[in-house]
Each structure stands twice: as structure tokens, then as C-alpha cells.
Amino acid sequence: MFDGGGKDKEKCGDDDWVGPSTKDTQVQLVISLALGLSAFLAFCTLRPRWKSLYAARKRHVNSAIGLPALPDTFFGWIPALYKVTEQQVLASAGLDAFVFLTFFKMSIKLFSIMFFFAAVVLEPINQHFVDNKMNATASAGYSMFSQYATYRDYASARLSDDDGGDDDHDDNSFNKNMGYLWSYLVFTYFFTGLTLYFMNRETFKVIRVRQDYLGTQSTITDRTFRLSGIPKELRTEESIKDLVEKLEIGKVESVTICRNWTEIDDLMDRRQTVLAKLEESWNVYLGHKLSQTAEGDGRLDSGNGGNNYNTQDATTEPEAADEEAGENDRLMRLGPHQFGERERPQTRFWYGFLRLQSRKTDAIDYYSEKLRLIDEKIRADRKKTYEPADLAFVTMDSIAACQMAIQALIDPHPGRLLTKPAPAPSDVVWRNTYAPRLQRRIRSWTITIFVAILSVVWLVPVAALASVLSLCTLKNVFPAFADWLKTHDIAKALVQTGLPTAVVSLLNVAVPYLYDYLSYNQGMLSQGDVALSAISKNFFFIFFNIFLIFTVFGAVTSIMDVLRSSLKDTTYIAYTMARKIEDLSVFYTNFIMLQGLGLFPFRLLEFGSVALYPILRLGAKTPRDFAQLVEPPMFYYSFYLPTALLVFILCLVYSTLPKGFLVLGLGVAYFTLGFFTYKYQLLYAMDQPQHATGGAWRIICYRIILGLFVFQLTVSGYLALRSAFTVALLVVPLLIGTLWYSYSFRAKFEPLTHFISLRSIKRGEDPGGNAILDEDFGGEGERQREFLRRGSTIDEDREKGLRFVNPSLVLPLEQPWIYHDPPPPQSDSDASDGLEFDVRGSEREYESQQPPPSLGSRSARPGTAGRGGETSSASSTSLGDTHIWRE
């Protein structure tokens with residue numbers, strides 16, 4: 001299938017090498033519009049009827065935020081959503097939603113300007129000079145479907161002017177008939193400068209808003225730093241307190257040393273398993289059935305009038321929620337259960353030597369006793385003192401003192417007493433806090449090496465996908481099918497372009513789940529770091545496998561040929577990329593078209609949640625399972641941002657090439673639809689964990705700079721292929737300037753995306769005064785700005801009462817959820833046996849006023865949220881929703 005070289009050329013005629021054409025784009029446009037319009041109309045129809053799904057988050061957020069209610073008319077929600085200001089986005093969804101949507105708004109503005117110049121200036125030039133030379137290109141064998149040859153083959157295939165010199169290697173830069181190539185150079189400089197201008201401007205805005213936002217709020221996270229590399233002689237609370245206070249930067253409020261809590265964490269995991277089995281056993285015994293009803297109010301009814309499983313903000317009145325829910329959806333509602341007595345369920349347990357003996361016993365009694373024994377063990381273990389680790393969380397009395405500790409070097413010895421910003425308490429992955437540093441590094445490097453190996457493994461399906469674009473390849477494997485495709489244009493378009501774009505889109509959906517799992521097991525200390533790592537891994541997959549391999553190599557057997565030729569000629573990669581990118585323009589145009597016009601409406605529809613609901617409904621057994629079904633879906637930035645970054649790079653790369661205005665126009669449509677889709681989901685429909693504080697902007701900017709490098713390298717190779725060596729060489733200063741800007745960005749801007757400047761911290765003054773200036777949001781009203789900053793931020797609301805303590809030490813031990821109503825929290829003294837270590841090294845009762853887990857939430861430790869069956873952040877009163885990247 002992947003045989004290349006001259007043999008393929010001998011087997012295949014010119015017709016067999018014909019690639020995707022305009023017909024393919026027309027077919028893809030029809031498919032994308034059909035998919036997109038059907039999903040969009042379905043969403044507009046279902047949105048006012050299924051508010052438990054499509055307005056799930058709006059029903060949970062604090063009404064004081066002032067997020068406007070969207071009208072129930074068919075299209076009326078669109079202008080209302082557009083009028084939601086950036087201030088309201090920041091107040092209701094946090095910094096990361098603000099940063100994410102800022103990237104889409106910037107892309108719309110940038111590519112709209114580039115589209116104008118590409119369509120008005122560049123396209124007439126291309127139509128006049130380039131279109132007349134296409135036939136000469138095809139006759140020279142200049143096609144993406146011929147296998148890779150040597151540098152001389154490329155030189156012989158270069159476009160030459162009729163009045164050109166006798167030598168193919170003459171410089172055409174000053175040839176009058178090739179003068180149009182200078183326009184590519186001019187617009188390469190112009191588009192690069194325009195991109196850097198917009199990125200620089202938005203970076204200033206993001207940093208200014210971030211500094212003012214974080215500098216005016218007061219949360220325990222903002223006052224706490226992470227201290228690692230603690231030597232053994234300092235691993236006591238009193239020693240760390242004395243050490244930090246001797247630095248004279250402020251007073252220490254509390255110290256939490258991470259300890260080896262493996263035993264109690266394992267017990268809590270075992271307890272969750274036993275609790276689930278006990279609830280299932282009770283469900284079997286009682287014949288617990290929940291049936292759907294046509295007439296309902298979106299709640300699970302109980303004998304005393306019902307109890308809403310769907311988590312709501314404590315300030316929301318039930319009557320108001322019911323009125324808002326006013327929906328008649330069979331899909332998202334659960335009706336009253338029915339009881340039918342059955343025989344008590346049995347379970348088999350194993351015992352004896354090597355656990356070879358077994359017998360059956362009453363399941364309810366067995367799991368109840370097992371749960372009781374585990375609870376006794378947990379209560380006893382909560383009173384133990386564990387071996388301290390080399391990491392601690394130190395809470396200062398002020399944000400300024402904390403920032404001074406973070407931005408300073410404390411110890412002269414390498415690797416000792418290192419300070420970093422602390423994640424939110426519910427963002428901490430507590431199992432990794434007491435893992436040895438060497439173990440975490442081994443896990444990190446193991447996952448990194450595995451991802452590298454996995455990238456090589458992906459070459460096979462990606463290269464096979466690239467080969468499907470060639471009728472010649474199909475003819476070698478399926479000759480009859482290839483001959484049939486040659487006589488059916490629409491079928492050929494579906495196979496050559498529709499099928500590859502669909503498969504690539506499916507890979508973009510499926511692969512992030514794998515990399516998300518790998519990132520979680522890499523040993524990082526916070527969920528925010530895990531999510532940022534997942535974004536990087538997913539982008540690497542999309543850029544390396546879908547773009548670079550698909551473009552430069554194309555087939556498995558070509559990889560070694562390309563690498564071998566690039567060692568002989570350093571310009572070979574640039575020539576290859578320029579040549580292949582131009583030929584793949586139809587494929588990437590169709591890819592952006594499908595992603596934007598076809599798939600964004602399906603994301604708005606939340607097709608995955610709707611399609612999976614019947615399956616999950618059939619698998620639900622206990623009241624806890626049914627409560628989880630009505631929780632809002634989660635929004636993971638790592639699933640959506642990498643694809644948007646790839647589309648951004650593709651728009652840059654094709655901006656100056658022939659037909660580039662089509663790619664730019666589709667790019668504007670992609671980012672416009674994406675902006676409205678994600679804005680609706682982030683504000684109204686989906687929940688996202690909070691507290692990454694805009695860290696994704698660093699990733700966005702560095703990927704944009706990478707896109708500029710690819711863009712400039714492609715243009716240089718494109719010009720060199722046309723023997724315009726002087727013009728191609730003049731791109732080099734642009735590459736150097738972009739490289740300099742990347743170093744300047746790292747030195748000047750990146751620290752301000754990690755830390756809070758001391759001047760931004762409002763001490764002893766009204767936090768609402770000059771917190772966020774009107775100019776940051778286009779001059780929007782003073783009254784709204786005053787409201788946003790005089791009130792508490794979303795982070796402050798969600799971190800009230802939280803402390804840096806392992807949830808396994810303090811989380812109430814839940815009782816089995818058997819009937820409609822969730823079990824009440826334990827009222828005995830055992831429920832508060834959790835202990836927190838204070839700065840004096842003694843133990844005291846845990847006194848935080850954390851709200852209990854929300855009704856229907858997955859009973860899990862907030863520090864391990866994000867894995868299946870763990871705590872959801874569906875409610876503002878949940879324990880696990882103070883960061884923005886994971887559950």
C-alpha cells in the first residue's frame with residue numbers, strides 16, 4: 001500500500017494521480033451545511049424545552065452576578081448572547097473562560113482583516129499570474145500524489161517563465177514576469193506584523209485584567225505558596241513557620257505539611273467501592289425502579305414532596321427554579337419510584353488459604369458490616385500522625401507576603417526550599433503531594449517517552465489516511481473500486497476528501513481522552529497543571545501527526561527518504577512543506593469547513609450528552625446514579641483549544657498562497673461560530689472547574705509564534721520553488737525577528753502570567769475603586785465595574801471556608817443513599833474526627849465551614865476530582881469546583 005518511487009509512477013497514469021478538486025469542496029460544503037443546519041435547528045427547538053440540559057449552569061450560578069436570561073424564542077437568544085459583556089463573562093465564568101473567548105475574538109478580528117487584503121489584493125494577482133501556469137505544473141509531475149524525489153526533481157519541476165533564462169537555477173526574483181512574487185514577501189511581512197500586533201495587544205489586556213482581578217480578591221489560594229524540597233530537619237510546622245518568618249516578609253497564618261497518607265487514602269477509595277455495592281444491594285432488595293413520566297418538574301419526587309437531585313445554588317428558591325425549568329422533556333426527567341419486595345440479594349466472598357474457599361452470604365449484611373469496619377478504621381487512622389513529606393503549603397497573612405515568597409530564592413542550595421504558587425485546595429492531587437520526588441520524575445519521563453513512542457505509532461494510520469487521497473494507491477489495493485470511483489465524481493469526492501476529513505475529526509475527538517488520562521498519571525501536583533499538560537499533548541498530536549506528518553511525509557515509506565534527503569540538503573524540508581501544503585489546500589479547506597460549519601452546531605447541541613443519556617440511563621441502578629445523570633456536562637479546555645490553534649496556524653499558512661482567501665474566510669466563520677458556541681456553553685450550559693488563572697494564554701501565544709515560523713518557512717520554500725531565491729532569502733530576517741519576539745515574550749510577559757505584581761495588590765483600600773478599568777472592556781459602564789469588583793469574585797465564593805488539608809482526613813463519611821432523599825450528613829462526633837495540623841505542630845479539630853458535598857454529587861475527594869465517578873462541580877456549593885481545568 002505504501003510502495004513508492006518510480007514503480008508507482010510506472011503503474012499509474014496521469015489520471016490516477018489526480019487529487020481533490022473543486023468538486024470535492026462543493027460536496028464537503030453540502031455535507032457540512034446539512035449537518036450544521038440540522039443540528040442548529042434541533043438546538044433552537046430543544047433549548048427552551050430542555051433547560052435542565054441547555055441552561056444547566058445558569059440555574060446554579062449566583063443570581064447576583066447579573067447574567068441575563070436568554071429569551072425562549074427560536075433565534076432571540078443569539079443577540080442576547082452577543083450582548084453579554086466581557087465583564088459578565090469574567091464575573092460568572094472566571095479568568096480562563098475570559099482568556100479562552102479572548103483568543104476567539106482576536107482571531108475573528110485578525111483573520112477578517114487578512115481576508116480583506118487576501119481577497120482584494122492578493123487574489124487578483126494570483127488569478128492573473130498563477131492560474132495560467134497551473135497546466136505547466138501538472139505536466140511536470142508537480143503533484144502531491146507522486147512520491148518524494150530528490151532535490152533535482154524539485155528543481156526541474158519549478159515553475160519557469162517563458163522568458164526565463166536558459167538555466168533552471170537562474171534567480172527569477174528580478175524577472176519582470178515573476179515580479180508578482182514580491183507581493184508574497186510584502187504580505188508575509190504585513191501579516192506577520194499584524195499577527196504580532198494583535199497578539200501583543202491582547203496580551204497586554206489579558207495581563208492587565210488578570211493582575212487587577214487577582215490583586216483585588218482575597219482567597220486562601222492567593223495567600224498560600226507551595227514549599228518543596230524541605231530537608232528532613234525542617235519537616236515540622238513550627239520549623240517552617242520560624243524559617244519563613246525569619247525572612248521578614250510577613251507572618252505565617254498556617255502551615256500544612258504533606259504526609260504519607262497512603263493508608264487512609266486507600267481506605268477512602270475502598271469505602272467508596274463498598275458503599276456503591278451496598279447501595280446496589282439495597283436497590284436490588286427494594287426493587288428500586290425509577291420511571292420516566294411525561295408530567296414532571298425535573299426532580300426526583302419523594303414522600304415529602306420531592307427533593308431536587310440536580311444541584312442548585314443555595315440562594316435559589318425552589319419555586320423560582322421550577323418556574324425557570326418550565327419544561328416538558330421526557331429525556332432529562334425522572335419520575336417516582338416503585339417498590340416491590342424481593343428476596344434479599346446474595347454475594348459470594350472468598351476466604352481461607354490463598355482465598356480458595358468461598359460461600360454465599362446476605363449481600364446487605366455483608367457490605368454493611370464491611371462498611372462499618374472500614375469506617376472504624378478510617379476514624380482511627382484520622383487520629384494518627386503520619387510521616388512528613390518534603391512538601392508543604394504555607395499560608396501567609398497577606399497576598400503581598402505570599403508573592404514575595406514565591407518570587408524570591410530562599411535557600412542557596414540547589415533543589416532545596418523551592419517556592420511556587422499553590423493551587424486551590426480542591427485542585428490539589430493529594431496522592432502526588434507525598435509521593436517521592438524521584439518517583440514523580442520517573443513517572444513524568446515515562447509518560448513523556450510513551451507519548452513520543454505513541455507519536456510514531458500514529459504515523460501508520462495517519463499515513464494510510466494520506467494515501468487514501470490518491471486514486472493510484474487505491475488502485476494498487478482495490479483496483480475495481482478505484483475504477484468505479486473514476487466514473488463517479490461525488491463518490492470520489494466523498495472518499496478522497498470527505499472520508500479523510502471525517503476520520504481526522506474523529507481522531508481529534510477520541511485522542512484527547514487518551515492524553516488526558518496520561519497527563520493525569522504523570523505525577524503533577526495540581527489539576528490545573530494536568531490540564532495544561534493535556535492541552536500541550538493534544539496540540540502536539542494534532543500539529544505533529546495531522547499537520548506535519550500528513551503534509552511533509554505523507555506515507556510511511558517516504559519518512560526515511562525525506563529525512564535522508566534533508567540531511568543532504570538543509571532546504572529540502574522547506575521545499576517539501578511548501579510543495580505539499582499548496583497541494584493539500586483542498587483537504588485543509590474541507591477540514592476547516594467541516595469543523596466550523598458542520599461540527600460546531602453539534603457541540604452546541606451537546607450531541608454526545610444527549611446520545612449517551614439513554615445508555616447511561618439504562619445502566620443507572622441507585623438513586624446516586626440517577627442523580628449523576630442530571631448533572632451538567634463538563635467543559636474541558638484541553639479538548640477544544642488544540643483544534644482551534646491548528647485552524648489558526650492553517651489560516652496563517654495559507655493566507656498568502658493562491659486561493660488563500662477561501663481558507664481565511666472559512667477561518668473567520670470557524671472562529672465566529674466557535675465564539676458563540678463556547679460562550680453559550682461556558683456561561684449557560686456547561687460547568688468548568690475554576691482556578692487556572694488564565695494560564696492557557698501562555699500556550700496560545702507560543703503556538704501562535706510556532707504558526708508564524710511555519711508560515712514564514714512555507715512562504716520561503718514556495719518562493720524558492722519558483723527560483724526566486726533573493727525574495728526567499730529576504731524572509732530570513734522575518735524568521736529572526738519572530739525568534740527574537742519569542743524570547744522577549746518569555747522574558748517580559750510570561751512572568752506576569754504566573755505571578756501577581758506587588759503594585760497590583762490592593763492593600764488597605766477599597767478593592768472596587770480602580771480594579772478593572774473601563775478601557776479593558778471597551779469603556780463599559782462604571783456601575784457594572786463597581787459591582788463586579790466590590791462583590792466577591794467567583795473564586796472567593798467557591799473557596800469560602802476551604803483549607804489546605806487532605807479531604808480523606810476531614811470529609812464526612814457518607815451513609816448509603818437508598819431512598820429518594822439523600823442521606824443526611826452524620827451528626828455524631830465521628831463526622832468531625834478529621835484533624836488539621838496548625839503552625840504549632842499540634843493537632844486541633846478541623847474548624848473550616850466547608851459546605852457538604854452537593855446533593856447528587858459523586859462522593860469523592862475534591863483533590864482527585866476529574867476521574868470517573870468523582871466529584872462534580874455542578875454547583876457553586878460543591879467541594880470540587882474551584883479551578884477551571886478539571887472536575
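Since the structure is predicted, the reported quantities are computational estimates derived from the model, not experimental observations.
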Q) Of all residues at least two apart in sequence or in a different chain, which pass the side chain to side chain contact (heavy atoms under 4.5 Å, CB included) check with E280? A) K621, T622
**Q.** Ionic contact status for D72 with K51, cut-off 4.0 Å
**A.** yes
**Q.** Sub-4.5 Å side-chain heavy-atom contact between P423 and T221
**A.** no
Q. Less than 4.5 Å apart, any side-chain heavy atom of L594 and any of N590?
A. no
**Q.** Inter-residue atom distance I535.CD1 - R698.CZ, 0.5 Å rounding
**A.** 10.0 Å
Q.
Both conditions, 6.0 Å and 45 degrees, for the charged tip of R603 above the ring of F600: are they met here?
A. yes
**Q.** Whether over 12 other heavy atoms sit under 6.0 Å from F75 CZ
**A.** yes
**Q.** From Q527 atom CD to L532 atom CG, the distance as rounded to the nearest 0.5 Å
**A.** 11.5 Å
Q: Decide, yes or no, whether a salt bridge links D269 with R431 under the criterion of side-chain N to carboxylate O below 4.0 Å.
A: yes
Q: Please step through side-chain contact (heavy atoms from CB on, under 4.5 Å) for the pair F74 and T45, ending with a clear verdict.
A: CA-CA 7 Å; F74 204 75; T45 303; 3.5 Å; yes
Q) Heavy-atom distance under 4.5 Å between the side chains of V428 and S526, does that happen here? A) no
Q: Taking all heavy atoms of G667 and all of I592, pick out the closest pair and write down the distance.
A: N-CG2, 4.3 Å
Q) ring-ring contact (aromatic ring centres under 6.0 Å, His included) with F635: which of Y684, Y680, Y678? A) Y678
Q.
What I want to find out is whether R271 reaches E814 closely enough, with some N-O distance under 4.0 Å, to be called a salt bridge.
A. no
Q: For a ring-ring contact (aromatic ring centres under 6.0 Å, His included) with F103, tell me which candidate from Y637, F98, F648 qualifies.
A: F648
Q) Once you round to the nearest 0.5 Å, how far does NZ of K83 lie from CD of Q88? A) 12.0 Å
Q) What is the minimum heavy-atom distance between V668 and T672, and which atoms define it? A) O-OG1, 2.7 Å
Q) Do K105 and E202 have side chains that get closer than 4.5 Å, going by heavy atoms? A) no
(Q) Whether the side chain of S38 engages the backbone of L35 through a donor-acceptor N/O pair (distance < 3.5 Å, no angle test) should be reported. (A) yes
(Q) Using every non-hydrogen atom in the two residues, find where A644 and F671 come nearest and quote the distance to one decimal. (A) O-CZ, 3.5 Å
**Q.** Heavy-atom closest contact (S92 atom, L683 atom, distance)
**A.** OG-CD2, 3.3 Å
Q: Please indicate whether Y513 has more than 12 foreign heavy atoms, meaning atoms of other residues, nucleotides or ligands, lying under 6.0 Å from its OH.
A: no
Q. Can you tell if the side chain of L286 reaches within under 4.5 Å of the side chain of Y819, non-hydrogen atoms only?
A. yes
Q: Look at the side chain of Q681 and the backbone N and O of M686, then say whether any donor-acceptor pair between them is shorter than 3.5 Å.
A: no
Q.
Is the shortest side-chain heavy-atom distance between L37 and P601 below 4.5 Å?
A. no
Q) Sub-3.5 Å donor-acceptor pair from the side chain of N283 to the main-chain atoms of I818, do we have one? A) no
(Q) Out of the candidates F43, Y82, Y54, only one should pair with W77 under the ring-ring contact (aromatic ring centres under 6.0 Å, His included) rule; please name it. (A) F43
Q. Will you find, in the side chains of S519 and D516, an N or O donor that is under 3.5 Å from an N or O acceptor?
A. no
Q. In chain order, what residues pass the side chain to side chain contact (heavy atoms under 4.5 Å, CB included) check against A80, with sequence neighbours excluded?
A. L70, P71
**Q.** Within-4.5 Å side-chain heavy-atom neighbours: P68 and V84
**A.** yes
Q. Strictly by modelled atom types, are S533 and K537 linked by a side-chain donor-acceptor pair under 3.5 Å?
A. yes
**Q.** ring pair (Phe, Tyr, Trp, His ring centres under 6.0 Å) between F100 and F104, worked out
**A.** CA-CA 7 Å; F100 185 72; F104 277 78; 5.2 Å; yes
(Q) Quick check for you: to the nearest 0.5 Å, what is the distance between L616 atom CG and S609 atom OG? (A) 9.0 Å
Q: Answer with yes or no after comparing the ring centroid distance for Y520 and Y517 against a 6.0 Å cut-off, counting only values under it.
A: no
Q.
Using side-chain heavy atoms (C-beta onward) and a distance below 4.5 Å, is L605 in contact with L46?
A. yes
Q. Can you name the nearest heavy-atom pair linking W430 to P425, along with the distance?
A. NE1-O, 3.8 Å
Q: Please name the pair of heavy atoms, one in R624 and one in Q815, separated by the smallest distance, quoted to 0.1 Å.
A: NH2-O, 3.8 Å
